[in-house]
Each structure stands twice: as structure tokens, then as C-alpha cells.
Amino acid sequence: MIRLFDRAPDYVRRFERYVPSRPDPELMRQYGVSHLYRLNNNENALGPPPAAREAIAAFAPGRAALYPSGDAYDLRQALAARFGKSPEQFLAGNGSCEVISAIIRAFCGPGDAIVTADKTFAVYEWVAKFSGIEARLVPLVRQALDPDAMLAAVTENAKIVFVCNPNNPTGSWWDKAALERFLVRLGGRALVVLDEAYREFLDDPDFPDSMKIMERHDNLLVFRTFSKMYGLAGLRVGYLCGSEEAVDMVRRTHIAYSVNALGQVAAAAALENDADHIAATRAMVEDAGRFLRGVFDAMGLEHLGGAGNFIMVRTPVSDTLLYRRLMMKGVMARTMTGFRYPNWIRVSLAREEAMEAFASALRGALDVP
Amino acid sequence: MPGELSVLMEIPKDAAFACPAANVAQTLAERSGFDRRESYRFQLTVEEFILCLIGVIQEGDGLRVILTGKRHLLRAAFAFRAAELSLGGLNSAVRDVVRSAGEPPRDLGLLLAAASADRYNLEHQGGDRFRIVAEVDRRYPEPPPVHAPQNLQPPYRIVRHPDAARLTQAAALAVNAYPAWQSPGCFQTPEKFADLADAGEIACVLALDAAEQTAGLLTWSPCSDQALYFSGPFLFTSGTDRDDVARLLLDGFLEAVAREPHAIVLSVRATADLLPGYFEPLGFLQSCAGTVCEQRPVVFRHLREDAGMAAWCSPRIEDFLRRSYAGLAMTRDILPVEEPGGAARRESLLGATLDRWRDLAELRPFLDGQDMAANLTAHVKAIREKGINTILYYMDLSRPWDAALAGDLIRSGFSPKLVLPYGGQSDMVVWQHDQTV
């Protein structure tokens with residue numbers, strides 16, 4: 001008589017599954033459009049860097065029959081060489097989301113908590129909740145993570161502090177001094193996980209060099225991704241870096257073989273001679289940001305953006321309605337209600353053609369000439 | 001008094017266990033602090049449902065009963081398997097028809113069980129599995145007079161979990177300041193509102209001014225697996241501050257529910273203080289008292305991006321549906337259903353919720369049957385006789401048999417008023433009975 005539903009733990013029953021968007025052809029059919037600009041996931045419109053493209057093209061189909069390296073051996077060698085560290089300090093995952101799960105499994109048990117912001121990347125909160133771990137959410141102050149309030153939230157059972165730096169979706173970030181002060185005042189009472197998914201979009205000397213800082217603070221873990229700057233979102237590769245001891249602990253709860261062979265090869269290649277690709281991407285993002293800020297200003301719309309290849313704009317209608325209206329014009333943006341920014345949308349900063357299409361669709365959707 | 005008491009019983013298919021189970025219900029009611037009258041009604045509900053369901057469940061099966069005592073209600077949930085289910089007696093509004101037709105005692109027992117409870121609900125859980133939940137409410141005292149706060153001053157802030165005294169005061173203020181139809185029924189007895197909030201069955205954001213005076217309130221609670229129903233914003237400020245407080249309440253509400261497992265929020269009783277841009281208008285429902293009729297707006301918003309879906313649709317309302325979806329910029333695959341050629345089940349089953357406070361009756365189909373049109377007509381007649389003017393019917397477009405009932409509804413005097421996206425398992429058409437019929 002016991003229903004399957006009732007067999008799941010309460011914290012799983014209460015959790016709502018994530019519903020990803022449908023494939024482009026299906027969306028185009030639904031909305032009756034012949035082209036779709038995807039500006040919802042902050043992908044890099046320039047695609048992968050040249051070396052990664054070559055690696056993908058050279059990947060022999062026959063290799064698909066073989067298991068990949070179970071611990072992304074070559075990719076970790078490449079990362080170690082890039083950052084001057086030991087390969088044992090790196091752990092590769094199927095996107096950084098998988099690594100977030102592994103960290104929470106490694107360091108949190110029943111009755112424990114994580115601390116993060118209320119308006120930030122949702123996956124820390126989601127993983128904690130569906131794992132039965134308390135997610136302690138600290139409100140942003142002036143659209144930025146509040147170090148004092150986050151410190152105050154770290155009580156005895158708080159095991160991890162997740163800091164999205166730069167923060168998705170506000171683009172705000174802690175500089176070197178802010179991070180250092182935070183770590184000193186925390187005094188090793190909890191692990192600090194820096195999510196640097198958008199780090200490569202910044203070229204500011206005040207941005208913290210987390211790879212160096214972790215040498216002084218062994219409770220600091222950093223993860224980054226190949227999905228954003230490196231244009232490999234479809235291959236799902238992210239990585240974690242920290243002290244050997246911390247990474248060893250996370251490795252125990254991490255599923256081996258989770259990164260596919262093509263992803264490993266492409267990610268390792270992406271690190272080679274990437275300066276031109278990074279410079280070109282930053283230039284595209286800067287141009288797009290300047291263009292959209294002008295559009296929003298002309299329409300009298302409040303906007304918010306900083307580091308990263310995205311910008312948020314406050315809309316005079318509900319974001320979920322605007323999403324549908326934009327879709328009917330072949331443009332996909334991200335609604336921000338789920339980020340606790342009702343009536344805001346987030347738009348990826350991409351090539352000129354896509355930005356102009358978005359601007360035109362926005363004017364049409366809001367009935368602005 | 002404990003916050004919540006619960007008893008679980010697995011009862012074999014043997015009527016001898018009905019009386020002991022009723023004794024357990026009585027003890028639970030007493031231990032939960034309910035008075036004799038409510039305790040007796042709960043006892044009767046449990047005993048009669050068990051006696052009836054024992055006759056319905058399959059040989060070798062049992063009945064799983066969960067009794068729960070909360071501060072504001074007693075609840076009995078009965079889970080069972082039944083291959084041939086006939087629960088015509090649960091059609092509470094047609095009791096006279098049942099009696100004159102000389103139905104078997106099993107239905108009369110069900111009728112008694114349904115009548116003893118303040119409300120009941122039947123869930124079809126797939127295959128031959130069903131669950132009936134029946135509830136008996138606590139009686140609350142009339143609220144004492146309340147005085148509106150004076151000279152409210154910014155800055156305003158919101159609180160998510162106010163204490164019971166603050167909740168009671170805010171509900172009483174809302175009742176004083178707004179028409180009855182805009183308030184949740186529990187505002188009539190504000191102590192109940194505080195108990196519901198304590199039990200987690202209703203949530204709210206409350207606004208305070210600089211001197212910690214109550215400045216506003218907005219409440220919500222789930223009305224289906226996918227939808228939250230909100231009431232408000234109720235504002236106790238004046239002048240230009242009203243928009244600021246409304247914005248605080250609306251933002252606080254949406255931020256609170258943004259990552260909860262619901263797809264939409266909606267209201268048919270939003271106040272005129274709702275700010276533009278936060279919600280989408282779906283249409284209007286008409287409410288008439290005497291010769292005066294007014295149009296009451298229905299608003300909603302998605303909490304997530306619309307993924308599109310399929311909707312079953314009778315040809316009788318296809319134009320209405322397509323027009324509604326076009327107005328909402330919402331894509332749907334319309335799947336045609338024909339009118340039922342002859343339902344397998346003889347007796348249909350409708351659930352009815354009556355709310356005299358808001359002059360509202362709501363009908364939901366639980367089971368299709370050959371007598372659906374007659375059953376609808378009987379319900380409407382009985383509801384009208386109770387003096388309730390607004391009668392709504394909810395059609396879930398995820399169920400082809402439900403969508404196919406459009407003809408029965410039109411013949412019974414209902415018309416489709418609006419589409420409520422994700423209002424049920426999928427989209428829902430809200431029908432209203434024409435008050436001139």
C-alpha cells in the first residue's frame with residue numbers, strides 16, 4: 001500500500017525537479033519561428049578556441065568504444081602545468097555542477113548546513129536541499145555577496161561556504177582584500193568554495209588569484225569550468241582545485257569516469273595558446289554589453305551587470321511573460337524569478353547579430369517603437 | 001497541547017474494526033484539544049467511512065487509515081484499492097435524490113460520512129488505488145475588535161515568520177479594510193489564520209513600519225501540486241507609501257516562492273493594490289448578489305519558463321482555447337477529444353467546496369459517469385438553494401475524459417471563462433454557471 005512517492009525521503013519529495021528547455025527544433029516548432037537565438041545559458045558565441053576545435057575534429061570515432069581516463073589524467077596534467085600545481089590538486093567533473101555535488105557529499109552529513117547567498121547560482125542550494133542538508137541563504141547587499149552576514153551565518157554545523165565570484169547573476173565580485181579578510185576572519189571554521197565559472201572574463205588586477213591564495217588557506221577550494229570562456233558547454237567539463245588533502249576527500253565521493261573522452265581531450269587542448277581566444281571573447285562581451293546598456297537606457301529600463309558574459313535587465317512585465325513574447329520572436333533569454341529576481345531577465349552577451357535581434361525583439365515584446 | 005498528533009492503522013477487511021478505530025479517532029480528537037461536538041463528528045466520519053470502504057476494497061486487501069490532529073483541524077486519510085468503485089453517496093448535494101432512489105445502505109453510509117466532515121477529497125492515485133481525505137474543523141471564537149495602526153512611517157520592511165499575535169492582528173485588519181471576498185476564509189476567525197500559519201498550511205509576508213506597526217500582509221497556500229493561491233496585498237498604510245509597501249510584499253512573496261516546487265501563483269481575489277507588471281490578467285469571473293453584478297479579475301504568473309505542453313480539448317471549446325492561448329502568448333498542442341459515447345461507470349462523482357464567506361461554490365470532477373449531466377444539474381440546484389451565487393467548475397485539460405465533458409457543462413448552464421495555465425495537472429479551464437439559467 002505504500003506509494004513509491006512515500007518511499008523517498010521527505011527532502012526529496014519536497015524538491016521539484018529541474019526542467020531544462022527543450023531542444024531548439026522543438027522550441028522553434030512550438031513558437032513558430034525559423035531561427036532561435038539562445039541567450040539564456042551564457043554560452044560563448046565564439047565557440048571553442050582553435051586548438052580545442054582541432055582536437056575535436058581529430059577525435060577518431062572508434063575511440064568512442066573505449067572508456068575515458070577514469071580520473072581525467074591528461075587533463076589534470078595540463079591543468080597542473082598551467083597553474084604550477086600538482087595534478088593531485090585537481091579533480092575533473094562532468095561540469096562544475098557534478099563537482100558541487102561531490103563537495104557537499106564529502107563534507108556534509110545529516111544535520112549540517114551550507115552557507116551561500118540568496119540570489120546566486122542555484123545549484124549549491126539545490127544540491128544541499130535534495131541531499132537533506134540545510135541551505136542557509138544570506139541576502140545580498142547592494143547586489144553583492146555580504147561577507148559580514150555570511151560570516152555570521154557560519155555556525156558550528158555550517159561546513160561549507162559557497163561564494164560565486166563573480167556572482168551569477170549580478171556580476172559583482174569580491175576583490176583580493178575582501179576575500180583575504182573573509183578567510184582570515186573565518187579562521188578555518190568552514191570550507192570556502194569559490195565558484196569561478198566566469199573568472200576568465202575578468203582582466204582586473206584586483207580580482208583575487210585564488211590559485212595563490214589557496215596556498216595560504218588550505219580550507220579554500222576553487223572550481224572553474226570549460227563551459228563558459230572555453231566554449232565547451234556541450235562536452236560538460238569542469239574542475240576543482242585545492243589542497244591535496246581536500247581534493248583527496250572530495251575524490252572519495254566523486255564518481256570516476258564521469259568526464260567523457262572527447263571532453264577531456266578538448267578541454268586539455270583548450271588551455272593551449274588560449275590568449276587570443278580569451279581576448280576575442282572579452283572584446284565581444286564588452287561590445288555587446290555596451291550595445292545593450294545603450295538599448296536599455298534608451299528604453300528607460302534598469303539594468304545590472306558586471307563581470308561575466310551576461311547582463312540583467314528589469315522589465316515592466318513579468319519576466320515569464322516576456323520570455324514567451326521573446327520566444328515568439330525567436331529569442332531565448334533567462335527568466336530571473338528562479339534567481340529571486342522577479343521581473344528581471346538575464347541575457348547572454350554575444351555577437352552583434354544576436355544582440356540586435358534581441359534588442360528588436362525586446363522593443364516589439366514591450367511594444368516600444 | 002501538542003502541535004500535531006498522528007495515528008496510523010492498517011485495518012483488515014472486517015467491519016468489526018470500525019468501532020475500535022472510531023474510539024481511536026475520539027481519543028485523538030480529545031488529546032488534540034477539540035470539543036465534544038467536533039470530536040463526535042470526527043468519530044462518526046471515521047467509523048462511517050471505514051464501514052463503507054470495507055465493502056468496497058478487494059478481498060485480501062486492507063485499509064490504511066491515518067488520523068491526524070492539528071490545532072485547527074482533524075484529518076482522516078483512507079488509502080485503499082478498489083476494482084469497482086461506486087461512491088455516489090459522496091455527491092453530498094444530491095442526498096435527497098439518493099434517498100428517494102432507494103440506494104443501498106453503503107451509499108447512505110458514505111453520505112453520512114461525507115456530511116459529518118467539513119470537507120472531503122477523493123484522489124485517484126492510479127490503477128485501482130484511491131485515497132479519501134476527510135477533515136473536521138475546529139470552531140474558533142469571534143475575533144475581538146481591532147484598531148487600525150496610526151501614522152505609519154517608512155522605512156518599511158518585511159518579515160517572513162511573524163508571531164501569532166501579529167498574524168491575528170493583521171488578519172483582523174485586512175477583514176476590516178477589504179471586502180469579504182478578497183480575504184481567505186480563515187481571516188473571519190484570525191486565530192485560525194495564525195494556527196494555519198503555524199502548521200505550515202498557509203504562508204505569508206508581513207510588512208512593518210519603522211515603529212514595528214503592521215503595515216501590510218500577503219498570504220498564500222498551495223491549491224494544487226503546481227499552483228499557489230495568494231490573497232492580497234492587504235495594505236494598512238495611506239498615500240504614496242502604499243505602492244512601496246505593496247512592492248515590498250510582492251517582491252518578498254515572489255522571492256520566497258521562487259525556488260519552491262510550484263509552477264504558478266494565481267489569485268481570484270487579488271486586491272486593487274496589486275501593482276501593474278507583476279501578474280498577467282487571465283480574465284474575469286462574474287459575481288452577483290441580488291441585482292448587482294461585478295467582474296472580479298483573475299491574475300496569475302509563472303514562476304518558471306513555460307515549457308509548452310499538450311492540452312486535451314473538446315471541439316465545443318476549441319475556439320475559446322485557441323483564443324485564450326494566443327492572448328497569453330502561450331504555445332500548446334491541442335489534442336481533440338470527442339464527447340463521451342457512454343461512460344463505463346454509472347455514477348459520476350463531483351467534489352464540491354462551498355464558501356459562504358466569499359459566496360462561492362467550486363466543483364471538481366473526481367470520477368466520470370453516465371449520470372454526469374444530471375449530477376451537475378443536481379449540484380447546481382442544491383448550491384443555489386443554499387443561497388450561493390457564484391458556482392465554478394474546474395476542468396483539467398490533462399485528462400481526456402475531463403476535457404470531453406464540455407458538452408455536459410454547456411448543457412448544464414456553464415460557460416468557459418478563462419484558462420488557468422498549470423492550474424491542475426496541466427492547464428485548467430475555469431467554467432462558471434450562468435446565474436440567469
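So that the names make sense, note that chain A is the first sequence line, chain B the second, and so on, each numbered from 1.
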Practice item. Could you check if a side-chain atom of B/Glu255 sits within less than 4.5 angstrom of a side-chain atom of A/Tyr341, using non-hydrogen atoms only? Key: no
Exercise for review: Below 4.5 Å from any heavy atom of chain B, which atoms of A/Tyr31 appear? Answer side chain, backbone, both or neither.
Suggested key: both
Point to revise | Heavy-atom side-chain contact between A/Glu16 and B/Glu260 under 4.5 Å | key: no
Revision key, fill the gap. Rounded to the nearest 0.5 angstrom, the CG-CZ distance for A/Leu321 and B/Phe279 is 13.0 Å
Review point. Non-hydrogen atoms of chain B under 4.5 Å away: do they reach the side chain of A/Asp319, the backbone, both or neither?
Key: both
Point to revise | Region of A/Ala333 that comes under 4.5 Å of a non-hydrogen atom in chain B | key: backbone
Study note, to complete from the structure: In terms of heavy-atom contacts, A/Thr335 and B/Glu305 come closest through N-OE2, 2.9 Å
Point to revise | Toward chain B, the part of A/Arg13 with a non-hydrogen atom under 4.5 Å | key: neither
Practice item. Would you confirm whether A/Arg324, through its side chain, and B/Leu328, through its main-chain N or O, come within 3.5 Å as a donor-acceptor pair? Key: yes
**Study point:** Side-chain (B/Asp251) to main-chain (A/Pro342) donor-acceptor, under 3.5 angstrom
**Key:** no
Revision key, fill the gap. One should read off an interatomic distance between B/Asp306 CG and A/Met327 CE, to the nearest 0.5 angstrom, of 9.5 Å
Exercise for review: Identify the heavy atoms of B/Met309 and A/Gln30 that sit nearest to each other, and give their distance.
Suggested key: N-NE2, 4.4 Å
Check your understanding: Less than 4.5 Å apart, any side-chain heavy atom of B/Arg301 and any of A/Thr337?
Key -> yes
Check your understanding: By a 4.5 Å heavy-atom criterion (distance strictly below it), what part of B/Glu280 contacts chain A: side chain, backbone, both, or neither?
Key -> side chain
**Study point:** Validation row: A/Arg14, B/Pro261 side chains within 4.5 angstrom (heavy atoms)
**Key:** no
Check your understanding: What option among A/Glu26, A/Glu125, A/Arg325 has the most heavy-atom pairs under 4.5 Å with chain B?
Key -> A/Glu125
Practice item. Ignoring hydrogens and angles, tell me if any N or O in the side chain of A/Arg340 forms a donor-acceptor pair with the backbone of B/Arg259 under 3.5 Å. Key: no
Practice item. Please round to the nearest 0.5 Å and tell me the distance separating atom CG of A/Asn343 and atom CG of B/Leu254. Key: 7.5 Å
Practice item. With a 4.5 angstrom heavy-atom cut-off, could you sort out which part of A/Ser21 is near chain B: side chain, backbone, both or neither? Key: neither
Point to revise | Engaged part of A/Phe339 at the chain B interface, taking heavy atoms whose separation is under 4.5 Å | key: both
Point to revise | B/Arg304 to A/Tyr18, cation-pi by 6.0 Å centre distance and 45° axis angle | key: no
